[in-house]
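Before any comments, here is the structure.
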Amino acid sequence: MIDTHRDLPLALRAAYLALHRRTDARFAEHQVTADQFVLLAALANGEALTQRELSDQISSDPSTVRAMLVLLEANGFVKRESHPSDARAKTVKLTAAGKRMNKKLWKAGQPIRDDMCGCMSAKEAEMLLALLRNLTCAINDEATLV
């Protein structure tokens with residue numbers, strides 16, 4: 001018998017960790033982590049974002065994002081600049097090398113996305129996305145009440 005109050009958080013954690021481990025393994029040859037890829041992908045549309053906007057977009061804390069940006073900047077994948085109207089903020093955008101790396105990583109990660117989508121129908125995948133978004137909102141709303 002399934003105990004959803006116990007099993008749901010454990011199943012979500014197991015799925016996340018499986019995705020994270022497999023992605024890290026796929027990207028190891030490129031010396032980029034799964035978390036760094038998420039950051040690169042968030043910047044892939046070409047729009048410069050503040051570090052705060054980037055943190056919000058990838059659901060990560062600002063100090064973690066800053067640490068990743070330091071590494072990605074040292075590797076030439078991102079460029080941080082002073083914000084044009086807020087002296088306290090920095091904007092971040094991909095460099096040409098960062099765009100190339102994002103494309104390589106996107107291609108390297110395709111088998112993972114294929115496996116994820118291949119184990120369910122398109123309708124089930126859409127439902128899962130909707131449910132995960134609902135779950136995220138419910139958890140975030142509860143966290144703001146504390």
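For S60 against V65, the heavy-atom pair with the smallest separation is CB-CG2, 3.9 Å. Scanning all heavy atoms of the two residues, the minimum distance from A44 to L94 falls at CA-CD1, 3.7 Å. Across all non-hydrogen atoms, the minimal contact from T91 to S82 is OG1-O, 4.2 Å. Minimum heavy-atom separation, A42 to I58: CB-CG2, 3.6 Å. Nearest approach of S55 to P62, heavy atoms of both residues: OG-CA, 3.3 Å. In terms of heavy-atom proximity, L40 sits nearest to N102 at C-OD1, 3.8 Å.
No side-chain donor-acceptor contact under 3.5 Å links D35 and T33. In this model, a donor atom of one side chain and an acceptor atom of the other lie less than 3.5 Å apart for T64 and D61.
Here the straight-line distance linking atom OG of S63 with atom CD of Q51 works out to 11.0 Å at 0.5 Å rounding. One finds the OG1 atom of T95 at 9.5 Å from the NZ atom of K79 (value rounded to the nearest 0.5 Å). Distance CZ/R80 to OG1/T50: 12.5 Å, rounded to 0.5 Å.
Between the side chain of D3 and the backbone N or O of H5 there is at least one donor-acceptor pair closer than 3.5 Å. Here the side chain of E124 pairs a donor or acceptor atom with the backbone of S121 at under 3.5 angstrom.
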Which donor-acceptor pairs under 3.5 Å do the side chains of residues 23-30 make with protein atoms, sequence neighbours left out?
from	atom 1	to	atom 2	distance (Å)
T23	OG1	L19	O	2.7
D24	OD1	A34	N	2.7
D24	OD2	H20	ND1	3.3
R26	NE	A108	O	2.9
R26	NH2	A108	O	2.9

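Screening residues 83-110 for salt bridge (Lys or Arg N to Asp or Glu O under 4.0 Å), with sequence neighbours left out, gives D86-R88.
Atom CZ of R66 has 12 or fewer neighbouring heavy atoms from other residues, nucleotides or ligands inside a 6.0 Å radius.
Taking the side chain as every heavy atom from C-beta outward, E73 and N75 never approach each other to under 4.5 Å.
With sequence neighbours left out, the side chain to side chain contact (heavy atoms under 4.5 Å, CB included) criterion links L135 to L12, I139.
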